[in-house]
Each structure stands twice: as C-alpha cells, then as structure tokens.
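In what follows, a single structure is set out as structure tokens and then discussed.
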Amino acid sequence: MTVDAAEPGRDFIRDIVQADLDAKRHTAVVTRFPPEPNGYLHIGHAKSICLNFGIAAEFGGRCHLRFDDTNPAKEEQEYIDAIEHDVRWLGFDWGEHLYHASDYFDQIYAWAEHLIQAGKAYVDDQTPDEMRAARGTLTEPGRNSPFRDRAVAENLDLFRRMKAGEFPNGARVLRAKIDMAAGNINLRDPAIYRIVHAAHPRTGTSWCIYPTYDFAHGQSDAIEHITHSICTLEFEDHKPLYEWFLENLPVPSKPRQYEFARLNITYTVLSKRMLTQFVRDGHVTGWDDPRMPTLAGIRRRGVPAAALRDFVGRIGVARANSTVDVAMFDACVRELLNKTASRYMAVLRPLKVVIENYPDGQVEQLDAVNNPEDPAAGTRQVPFAREIYVERDDFMENPPKKFYRLAPGKEVRLRYAYFITCREIVKDANGEVTELRCTYDPASRGGNSPDGRKVQATLHWVSASHGVTCDVRVYNPLFTRPDPGAAGDIIADLNPNSLEVLKDVVIEPALVNVGPEPVQFERQGYFCRDADSTDTRLVFNRTVGLRDTWAKVQAGG
RNA sequence: UGGGGGAUCGUCCAACGGUAGGACAACGGACUCUGACUCCGUGAAUCUAGGUUCGAAUCCUAGUCCCCCAGCCA
C-alpha cells in the first residue's frame, strides 16, 4: 500500500466507522470497492477507491475488490483486467480479497427460491411494457400484476424453467412481492432475476438468468461480511430494498449502506455511459486517450497516482452534490511534479537565432541544474553553439510595455548560457519573422551577470545543431464549457482544440534518454514520453502546463 | 401535487450550542538565471423568515431553491 504523508481528512463516513468501532458494533472494518466491468475506471471511481481502501487501511481493516458482474450483456474481460490494473496503479492492494458477484450465483439463486418458498417472490409473465404501465407514476400507485398471486409450486416450476433456458429473453421475470403502492418506486415489486441469454465473462453459458443489482449487491456484501457498504447518493432510494432482502433472507451478516456524493469536475464528464460513447464514436482515440478522465487516460498523460490521491484527499467527502474546479486537480499535479520532475529545455515553436559574434563551429558544454527543488538530482551539461532556437512567443517585434522578453535592441538571458541582445530581424517574403540576428556578451558565460546589470527575462533555448526534433501533444480540456451537456447536446460541447500536435519541437539532447516519468520543460509545463514514441521519433504528452502569469496579463489586455 | 436527499467564501471541504477555518481560484507585494516555485498580505460565505438561548451555521417552526427515483442498467 502506498501511504501519503498527508493526514487523510475526516469526514462523516469515517466518523461513523469510528463510532461503530468505539461502540464495539464491529471488531474490524470491512469495506469493498464494487465496480461493474462495463467500462474503464475514471477519476470519480478514484474517489470511491480511496475512500474504501483508505478507510480500511486507516482503521486496520480490509477492503475487497468485488466485480459487480451481474449483467453479461454489458460486461467484458477487457474491463475486468483494466480495472484490476488501475486499482493497483492507484496504489491499493486487495490481497486475497478479489471477488465477483458471479462467485455467489449459486447462493443468490438459492435465496431466490427461498423467497419464492416464503411467498415473497413470484414469476411475472407481463411484458416489460406492461410492467412499466402497471408500475404507476411518481404520484400514483402501481397496480398488482395479474400473476402476483401464483401458487408457490407454480412459481418454483416457472423459475426453474427460466433457469433451464426454456424461455427467451424478456419472457418472464422473477419479482419480489413487496408493495405496488409504495411511495418508493424501488419497492413496487422490483425485478430480481431476468432472462439473459448471453455469455458471461466468468461463468460462460452456465446461466441464462441473472440477478439484478438489487438482488445481488447486498447479499454479496453479507456473504463477504462487509461492515460498511459505501456507495453514491443515487442508491439511497435502494437502501430500503437492500435492507428488505437482508431481513428476508438467511444471510450470514448484516452490512449497512452509507451514501456520499459522487464527484463532478468542471470541463469534465464522469459518466461511464458518455465515456463509452466517446470511445465508440471516435471522439477520442480510446479509453487511454490522455484527454479522457479515465485512470488510464490521466496515467498516459503523466499524472502520478500520488497526485490523484492527493486530489481525492483535498476534495473531501460529503452528502451535498458539488462540482470541483478542475484547477484543483491541476494544482495537485503541479505541486507534486514541481518537487519530483527533472528540468529540461525544449522549444515548442522554434524561432532561429544566430549569434553573430559567437565563433562559427564552436561548441560549449554548459552546466544546468536538473531540479532546483531537489539538489540531489544534480546537474547535466547542455551544448551551446552559434545557432540556436528560442520560443517564437519569446520574441515580439513591437512589444507592449510589460513584455519582458526578446525584442529589437533588447537584452535577455539564455538560461545557463549567455546574455544576448537582438540586433536584427530577418523576414521572409510574407513578412514573417524567420530568424533573429543577435550578439552575445562573452563575459556573461553561464548566465551570470558580469557587471551586475539586470535583464528582465531568462529564455530557454536549444542548440540548432544538437537539438532533436520530436512531436509534442498539447492537451486542452475535452469540453468548451465547464458543465458539458448542460445545454442539451454534449457532443456540441466537445472542444475542437482539445489536442494540438506540435511537429517541430526541438529538445535538448539529454531529453532523448528520459524514462516514462514526467519531466518539466522549463517555462512550459510538465511532459512525459508517450508510448507512441519510436526509436527515431519521440512523442511527448503535456501533462499540465506551468502557471502562466504572463498569459493572464495578456488576456487581461 | 409521491418517496428520498441537500443548501457555509467564486469552487470544494471544516466548524458537532461558545472567535465561521483550510485548500483551490482571484487580487496585491517580496524573491527569482523558469513571468515557475517559495514567502507575505488582501478581498471573499452560513438559502429566507420567525422562534428557543446569555450565546445559533449548529436546536425548533414555516418557507424557498437544487439533486435523485417511474431499467428485465449499476
């Protein structure tokens, strides 16, 4: 288990757990993270994972990983594998406690027969439409099914024939006999077993009837002796049902359900259904597209698991619906990477600079600090020569007052190298600046001020002859509005500029050998090598940009 | 107009009858060989109306607004 230094925040669920332990209602806390393997895990799941595994760790209990695999029509092995990988990546370990609702299908089936025997469940022959029509509305009670009072023997026979595969999908369903007039619609004789002729990733074709979520979840919790079954708010209405099954079945333990508000983030969609659609329709390149809020996506973007854990700790846990500013997430990523990432120089949009008074053919190796936040990271050497590249944004022909960087006649520092002064601008036929002619001050070697004179800016740069070109993928928010879909059409809110591919990026030679861990491109942001990199062409993803005060000044006019 | 929840700085979370606090964001300043980082400072909130109390974000009453539920999804 990875442990963060930060003290986990207190919240109402931890208070409940503590109180239960203090009152000796439990000797040990047992939680579970119960994903359905019908998609990849996202940041919202991370909140649940950190909560469940975190509580177990803090109170000396354990947390199970249990797949809620009761609907073979939507579930796949690929998702099961990805989920296990992602939970581990986040830093949690379920040890021996890997379970599946499908492990309990025999027991759950037996409990269904038990309910039938007790006269508390019946087979309904109504069509889905008929059932819906008879369910009533939010303000009107439902009507009893004409099959509601079937004899136990008939129900048993029919249910067994459902199991034997005698009927097609949707022909019949097993329902709990509760109360068609209940204000809580979940209690209006909910379906608990349905016919689904589909291969299950784990049980294959052994079954053609499957329990619903309501008839599987609480019982699975009970079988595993879960003490605190933590879920999101939308399941609150299901709690009476959850408890009804626990009370009407000979279960081995009585877990309790607690609900918290699911996570929402600005400019982000955390709905598995939507994310699946984006993948399916090609709006992103896959579940691990770095623009996706999936764990696979942000991992590929370079976000460390520890930063995600930090984020989850900072946002807290409560029962009020809320939407966290994505800036909070970015801040967590920057804070961690600032401490750990090695610094390099990379020019994203190159502009050639020729230093006229620097000897042609001369090359100097200059010392550069790898990480000012971590002296142990040491130094490296960066080659300097007569022709270099600087960032196009670092030059303006007619600069406004607050522009500190290079401009005609202005002197700036090249980081770790020399002071240079812009003497001349070279333009092409279209009037585009193609090159700057500068002079340098040999006395400023290493970037030191020879006579105490100040420059307003320090620029990053790369030697033209030593630099290596590569691709950089700059990711921007996937959506153009903070509340995607709020205007009705979520696809219309997709940001057409969510991915910017830079093809002429020039990086310092040392960057060729970096590993997969994120690095800082000085004055730009944090980047990490993408798996699409080849021996001949490196590809970097921007994890997150640095805070950019100048951009703010510009935007403000 | 059924049932179940929820309202505290711009945002997220605390305060559990006793000075409304932290984080992110914003703004100002210091520092700086990253317009980064760091540091210092500023502004910023208890949904409304009554009531109880020496004292209310917290307890009571009545409202208002928001979210969830009518799958054989989870």
Side-chain angles (χ1 to χ4, degrees), chain A residues 9-12 15 34-36 38 68 70-71 73-74 124 127-128 131-133 135-142 169-175 181-188 190-196 209-210 212-214 216-217 231-240 259 261 263 266 272-273 311 314-332 334-335 338-339 343 345 368-369 372-373 402-405 413-417 419 444 446-449 455-460 482 520-525 545-553:
Chain A
R10 275 284 155 168
D11 54 67
F12 76 98
D15 287 346
E36 183 191 12
N38 66 344
D68 227 332
T70 57
N71 186 2
K74 294 186 174 177
D124 196 338
T127 65
M131 271 183 61
R132 188 176 314 116
R135 186 151 32 228
T137 67
L138 294 180
T139 52
E140 305 163 83
N169 290 353
R172 285 179 230 266
V173 74
L174 184 69
R175 290 229 253 172
N184 182 340
I185 290 174
N186 292 303
L187 264 18
R188 318 241 262 231
I192 59 177
Y193 255 98
R194 71 289 212 197
I195 300 169
V196 181
I209 57 171
Y210 293 89
T212 58
Y213 162 85
D214 286 311
H217 202 94
C231 63
T232 44
L233 251 28
E234 66 268 28
F235 291 101
E236 184 144 36
D237 286 344
H238 292 249
K239 185 151 58 180
E259 313 84 18
L263 174 63
T266 56
K272 246 200 274 185
R273 197 185 124 254
F311 172 69
R314 287 196 212 189
I315 59 175
V317 180
R319 288 178 62 86
N321 290 113
S322 61
T323 303
V324 177
D325 191 335
V326 71
M328 181 94 83
F329 179 71
D330 290 343
C332 293
R334 286 195 194 100
E335 186 176 306
N338 175 52
K339 288 181 231 155
R343 272 62 167 172
M345 291 197 286
V369 175
E373 304 288 325
K402 287 184 181 160
F403 187 79
Y404 300 158
R405 286 108 96 146
R413 173 191 292 111
L414 293 178
R415 189 139 161 92
Y416 302 125
F419 283 17
S444 63
N448 301 304
S449 182
V455 286
Q456 283 186 296
T458 298
L459 273 42
H460 60 279
Q520 184 189 104
F521 288 0
E522 293 217 30
R523 302 208 304 135
Q524 298 284 356
L546 251 29
R547 269 191 65 208
D548 191 347
T549 306
W550 167 237
K552 247 183 269 177
V553 171

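Residue numbers start from 1 in every chain, and the chains themselves are labelled A, B, ... in the order their sequence lines are given, proteins ahead of strands.
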Take atom CG of A:Asp548 and atom P of B:A26, then tell me their distance rounded to the nearest Å.
12 Å
Looking at the angle O4'-C1'-N9-C4 for a purine or O4'-C1'-N1-C2 for a pyrimidine, is B:G10 syn or anti, with syn meaning within 90° of 0?
anti
Rounding to a whole Å, what distance do you find between A:Glu335:CD and B:C24:P?
7 Å
Mind calculating the distance between CZ (A:Arg188) and C1' (B:C72) to the nearest angstrom?
17 Å
Give the rounded distance in Å between these two atoms: CG of A:Asn338 and P of B:A36.
12 Å
Give the intermediate values and the outcome of side chain to side chain contact (heavy atoms under 4.5 Å, CB included) for residues A:Asp68 and A:Tyr213.
CA-CA 8 Å; A:Asp68 227 332; A:Tyr213 162 85; 3.9 Å; yes
Base, sugar-phosphate or nothing for A:Phe403? Non-hydrogen atoms, less than 4.0 Å.
base
Expressed in angstrom and rounded to an integer, what is the separation of A:Lys339 atom NZ from B:A36 atom C1'?
15 Å
As a test of reading the structure: which of B:C72, B:C37, B:U1 is closest to the side chain of A:Pro128, going by heavy atoms?
B:C72
The test is salt bridge (Lys or Arg N to Asp or Glu O under 4.0 Å); show your working for A:Lys74 and A:Glu36 and say whether it passes.
CA-CA 9 Å; A:Lys74 294 186 174 177; A:Glu36 183 191 12; over 6 Å; no
Please report the closest heavy-atom contact between A:Leu263 and A:Phe311, naming both atoms and the distance.
CD2-CE2, 4.0 Å
Tell me if the side-chain of A:Asn321 makes a donor-acceptor pair with the base of B:G6, cut-off 3.5 Å, by modelled atom types.
no
Would you call A:Tyr404 stacked on B:G35, i.e. ring centres under 5.5 Å apart with the planes less than 30° off parallel?
yes
Is there a donor N/O on one and an acceptor N/O on the other, under 3.5 Å, for the side chain of A:Asp15 and the base of B:C16?
yes
With respect to the side chain of A:Ala318, which nucleotide from B:A36, B:G3, B:A14 is positioned closest?
B:A14
Side chain of A:Met328: nearest nucleotide among B:C37, B:A23, B:A70?
B:A23
Spell out yes or no: do the side chain of A:Arg132 and the base of B:G71 have one donor N/O and one acceptor N/O closer than 3.5 Å?
no
For A:Val317, report the nucleic acid contact type (base, sugar-phosphate, nothing); a contact means any heavy atom under 4.0 Å.
sugar-phosphate
Looking at the side chain of A:Asn186, which of B:A25, B:A70, B:C69 is the nearest nucleotide?
B:C69
Choose from B:A26, B:C73, B:C69 the nucleotide whose nearest atom is closest to any side-chain atom of A:Leu138.
B:C69
Between the base of B:U34 and the side chain of A:Gln520, is there a donor-acceptor distance below 3.5 Å?
yes
Could you tell me the separation between the OH atom of A:Tyr416 and the C1' atom of B:U34, rounded to a whole number of Å?
8 Å
Output the single nucleotide from B:A36, B:C68, B:U34 whose closest atom is nearest the side chain of A:Thr458.
B:U34
A:Trp550 stacking on B:G35: centroids under 5.5 Å, ring planes under 30°?
yes
If you check the A:Lys552 side chain, which of B:C12, B:C27, B:A36 turns out closest?
B:C27
Determine whether a donor-acceptor pair (one donor, one acceptor, N or O, separation below 3.5 Å) exists between the side chain of A:His238 and the base of B:A74.
yes
Could you check how far CG of A:Leu233 sits from P of B:C68, rounded to whole Å?
10 Å
With no hydrogens and no angle check, is any side-chain donor or acceptor of A:Arg188 less than 3.5 Å from a backbone partner on A:Ala182?
yes
Please pick, from B:C12, B:A70, B:U34, the nucleotide with the shortest atom-to-atom distance to any side-chain atom of A:Ser322.
B:C12
